[in-house]
Amino acid sequence: MKLHEYQSKRLFAAHGVPIPRGDVATTPEEARRIAEELGTPVVVKSQVLVGGRGKAGGIRLAHTPAEAERVAGEVLGMEIKGLPVRKVLLDEAADIRQEIYLGVVVDRAACRPVMMASSEGGVEIEEVARINPEAIKKVTIDPFLGLRGYQTVTLAKGIGLAGEYRRAFDRIARGLYQAFLACDASLAEINPLVVTGEGSLLAVDGKMVLDDNGLFRHPDLAQMRDVDEETPAEREAREAGLSYVQLDGEIGCMVNGAGLAMATMDIIKHFGGAPANFLDIGGGAKAERVATALRLILADPNVKAVLFNIFGGITRCDEVAKGIVTAFEEVEPTVPMVARLVGTNEAEGRAILEDSGYRLITATTLAEAAQKAVAAAGGELTV
Ligand code: GDP
Ligand code: MN
């Protein structure tokens, strides 16, 4: 789960990271009031869950409360990378002398958190990694020892930070790591962390990604979820307990098991197609859940064919087949469907599909199923 900038920064601040004074507005009038209270100049910042808002025109400076109101009105009407702006953060504008990147992520290879710093702040870190990887300094954190003082010194020196800022940098790095730990985050990032004209360090932008599997321990954080930022399909999937990620291909995939779902996507690519989604209906999927899954897949206008790849273990093929038929009763199938059902109760499952009167293309092996789905999506194969 991604958090908004203002949410991330407040969590950072709770762990001792200095952030600008500011507040959130949903209307231009509210923005004006906040600007009056803060004093100008202020920055008006779109709160959407994507990076690169600055480049997209979603971060604007305002010199008077009236300007803040006007600019907030413009920003609140914007769409950034497809996401409508519903909230703006108004922050006291900082006098920026230098922009630094500071972040913590879980490094799966090292099985530890890694803290990264770069003198190339303000730019997306992926961009720095591509163009100038030497500019990124890293330290691996031992979870039992925590972030050590020498490690923050290593980072500060590594990015050429002047000696007078080392203490403040150390405090911010520790605060960021504490916030990361306390929230069960998979990413906590300050970009940019700035050196101001007054000679202090300030976290001007913040980003946090929380581990969904840790959210049950944090009901307060779980409440921060912005349901407006989920597509209707993603919300429906989450509420039904489905792992669903929309992609931009044309073959809808309904698979049980995350590993099999990944393999299915790979093999579709291998045979020249592109998956429209990742979808794991889970083990022991019941008819109703399957129906929800199919409705989600067919709601995507890019889908030209659907591939059911079910390996019956705990999941019974007849249950899935019933779910498919139930779904067909609700959502008339408009594209060709390829079904591969193997394992527990596969014969019963196939019989249910055949008796349903709906026409499906059947396949035995995964390779065959994928090839047929690619052909069906290309209009080269019909029932
Ligand atoms: P992002 O583009 O989504 O990462 O949004 P940021 O919050 O990082 O803002 C983008 C850029 O706007 C920063 O790198 C800064 O250069 C600039 N910016 C943000 N806040 C301020 C501010 O208070 N004062 C000034 N002068 N520039 C700012
Ligand atoms: Mn940023």
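Just so you know, ligand 1 is whichever comes first in the structure, and atom 1 is the first atom listed for that ligand. Only heavy atoms go into these numbers, but all of them, side chains included; no hydrogens, no water, no symmetry mates. If you're wondering where the values come from, they're calculated on a predicted model, not measured in any experiment.
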**Study point:** Sub-4.0 Å atoms of ligand 1 with respect to non-hydrogen atoms of Val43
**Key:** 20 (N), 21 (C), 22 (C), 23 (O)
Practice item. Please could you name the atoms of ligand 1 that Lys45 approaches to less than 4.0 Å, counting only its heavy atoms? Key: 7 (O)
Check your understanding: Does Glu74 pair with Arg70 as a salt bridge, N-O distance under 4.0 Å?
Key -> yes
Review point. Any idea which of Glu99, Glu5, Arg60 brings a heavy atom closest to atom 13 (C) of ligand 1?
Key: Glu99
Check your understanding: What do you reckon, is CD of Glu368 surrounded by more than 12 foreign heavy atoms closer than 6.0 Å?
Key -> yes
Point to revise | N, O or S atoms of the protein lying under 2.8 Å from the Mn ion (ligand 2) | key: Asn191 O, Asp205 OD2
**Study point:** Side-chain ion pair, Arg238 and Glu234, N-O less than 4.0 Å
**Key:** no
Review point. Looking only at heavy atoms, is any part of Leu61 under 4.0 Å from ligand 1, and if so is it the side chain, the backbone, or both, or is it neither?
Key: neither
Practice item. Give a yes or no on this: more than 12 heavy atoms of other residues, nucleotides or ligands lie within 6.0 Å of atom CZ of Phe311. Key: no
Exercise for review: Could you check Asn309, Thr364, Thr365 and say which one makes a side-chain hydrogen bond (donor to acceptor under 3.5 Å, both in side chains) with Arg340?
Suggested key: Asn309
Point to revise | Name of the residue among Glu37, Glu69, Glu67 meeting side-chain hydrogen bond (donor to acceptor under 3.5 Å, both in side chains) with Arg32 | key: Glu69
Check your understanding: Right, does atom 22 (C) of ligand 1 have protein non-hydrogen atoms nearer than 4.0 Å?
Key -> yes
Revision key, fill the gap. For Ala93, the ligand 1 atoms with a heavy-atom partner under 4.0 Å come out as 23 (O)
Point to revise | Check: Gly54 N/O within less than 3.5 Å of ligand 1 N/O | key: yes
Revision key, fill the gap. Exactly one candidate in Lys87, Gln7, Glu5 meets side-chain hydrogen bond (donor to acceptor under 3.5 Å, both in side chains) with Gln47; the answer is Glu5
Check your understanding: Numbering the atoms of ligand 1 from 1, which are under 4.0 Å from a heavy atom of Asp205?
Key -> 1 (P), 4 (O), 5 (O), 6 (P), 7 (O), 8 (O)
Study note, to complete from the structure: Paired with Val290, the side chain to side chain contact (heavy atoms under 4.5 Å, CB included) test is passed by just one of Val325, Ile324, Leu242, namely Ile324
Exercise for review: Report, as yes or no, whether the 6.0 Å neighbourhood of atom CZ on Arg235 holds more than 12 heavy atoms from other residues, nucleotides or ligands.
Suggested key: yes
Review point. Do we see a donor-acceptor contact under 3.5 Å between the side chains of Thr152 and Asp170?
Key: yes
Review point. Of Arg10, Lys9, Arg60, which meets salt bridge (charged side-chain N to carboxylate O under 4.0 Å, His left out) against Asp91?
Key: Lys9
Check your understanding: Tell me, which protein residue and heavy-atom name are nearest atom 12 (O) of ligand 1, and how many Å apart are they?
Key -> Ile59 CG2, 4.0 Å
Practice item. Report, in ascending order of atom number, the atoms of ligand 1 lying under 4.0 Å from any heavy atom of Gly122. Key: 14 (O)
Check your understanding: Counting only heavy atoms on the protein side, is anything nearer than 4.0 Å to atom 25 (C) of ligand 1?
Key -> yes
Revision key, fill the gap. In terms of its nearest heavy atom to atom 1 (P) of ligand 1, the top option of Lys9, Gln47, Arg53, Arg97 is Arg53
Exercise for review: Would you mind checking if Arg53 and Asp205 are paired as a salt bridge, meaning a charged N to carboxylate O distance below 4.0 Å?
Suggested key: yes
Review point. Do we see a donor-acceptor contact under 3.5 Å between the side chains of Thr315 and Glu319?
Key: no
**Study point:** Test item, Val204 contacting ligand 1 (heavy atom, 4.0 angstrom)
**Key:** yes
Exercise for review: May I ask you to identify the nearest protein heavy atom to atom 27 (N) of ligand 1, giving residue, atom name and distance to one decimal place in Å?
Suggested key: Ile96 CD1, 3.3 Å
